[in-house]
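Quick caveat: nothing in here was measured; it's all calculated off a predicted structure. In what follows, every heavy atom counts, from backbone to side chain, and hydrogens, waters and symmetry copies are set aside. Positions are given from 1 along the sequence.
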Amino acid sequence: QVQLVESGGGLVQAGGSLRLSCTASARTFSQYGRGWFRQAPGKEREFVATISSSGRNTDYADSVKGRFTISRDNAKDTVYLQMNSLKPDDTAVYYCAASRYYSWSSQLSAYDFWGQGTQVTVSS
């Protein structure tokens with residue numbers, strides 16, 4: 001069973017930082033496009049960041065540009081989301097995802113595998 005497992009969520013004050021990690025259970029994920037999405041209570045799941053299989057291409061939601069950085073270490077089958085200058089509006093469950101067919105994408109429908117999510121809460 002292929003799995004994605006997120007970690008690194010928690011409670012942080014506004015202006016603080018967190019780093020999320022997402023580790024895959026299969027080496028084939030190093031060839032997949034990867035993404036981070038988030039879902040706040042009562043809202044739809046939304047795109048946060050994506051990175052290509054090589055790591056050379058990235059894209060971000062406008063709301064996180066300049067504050068969040070996505071990266072990957074294919075030797076460890078892990079993708080990271082460094083989140084700085086966190087705001088209360090960043091509070092959500094964060095999900096990592098993997099796409100077999102898209103090198104990188106901001107669309108939920110492009111992703112075939114999803115993690116279970118990790119809670120990020122930013123207090124004001």
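With 3.5 Å as the limit, one finds no donor-acceptor pair spanning the side chains of Ser105 and Thr50. A donor-acceptor contact closer than 3.5 angstrom links the side chains of Asn84 and Ser17.
Residue pairs meeting the ring pair (Phe, Tyr, Trp, His ring centres under 6.0 Å) criterion with at least one partner in residues 61-81, sequence neighbours excluded, do not occur; the list is empty.
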Derivation and outcome, side-chain contact (heavy atoms from CB on, under 4.5 Å), residues Arg34 and Leu4
CA-CA 11 Å; Arg34 304 290 291 274; Leu4 298 174; 3.7 Å; yes

Test side-chain contact (heavy atoms from CB on, under 4.5 Å) applied to Tyr102 and Gln107, step by step
CA-CA 10 Å; Tyr102 291 84; Gln107 303 301 309; over 6 Å; no

Taking it one step at a time, do Trp114 and Glu6 satisfy side-chain contact (heavy atoms from CB on, under 4.5 Å)?
CA-CA 10 Å; Trp114 293 84; Glu6 301 101 335; over 6 Å; no

Thr121 vs Val12, side-chain contact (heavy atoms from CB on, under 4.5 Å): CA-CA, chis, key distance, verdict:
CA-CA 6 Å; Thr121 303; Val12 64; over 6 Å; no

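From Leu86, atom CG reaches atom CG of Leu18 across 5.5 Å, with rounding to the nearest 0.5 Å.
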In a table with atom names and distances, give each donor-acceptor pair under 3.5 Å that connects a side chain of residues 88-98 to protein atoms at least two apart or in another chain.
unit_1, atom_1, unit_2, atom_2, d
Asp90, OD1, Arg38, NH1, 2.9
Asp90, OD1, Arg67, NH2, 3.0
Asp90, OD2, Arg67, NH1, 2.8
Asp90, OD2, Arg67, NH2, 3.4
Asp90, OD2, Lys87, N, 2.8
Thr91, OG1, Pro88, O, 3.0
Thr91, OG1, Val122, N, 2.9
Thr91, OG1, Val122, O, 3.4
Tyr94, OH, Arg38, NH1, 2.9
Tyr94, OH, Asp90, O, 2.6

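Side chain of Asn74 to main chain of Ser53: a donor-acceptor pair is present (N/O by atom type, distance under 3.5 Å, no hydrogens or angles). A donor-acceptor contact shorter than 3.5 Å links the side chain of Ser25 to the backbone of Gln3. The main-chain N or O of Trp36 is never found under 3.5 Å from a side-chain atom of Tyr111 such that the two would form a donor-acceptor pair.
Between Thr118 and Leu20, some side-chain heavy-atom pair lies under the 4.5 Å cut-off. Looking at heavy atoms from C-beta onward, Thr23 lies out of side-chain contact with Lys76 at the 4.5 angstrom threshold. In this structure the side chain of Val120 reaches within 4.5 angstrom of the side chain of Met83, judged on heavy atoms. Side-chain contact check for Cys22 versus Val5: every heavy-atom pair is 4.5 Å or farther apart. Contact of the Val48 side chain with the Leu81 side chain is registered, since non-hydrogen atoms from C-beta on lie closer than 4.5 Å. Considering only heavy atoms from C-beta on, Ser99 comes within 4.5 Å of Asp112 through its side chain. With contacts defined as side-chain heavy-atom distances shorter than 4.5 Å, the pair Tyr60/Ile70 qualifies.
Take Phe47 and apply the ring pair (Phe, Tyr, Trp, His ring centres under 6.0 Å) test, not counting sequence neighbours, and it matches Phe37.
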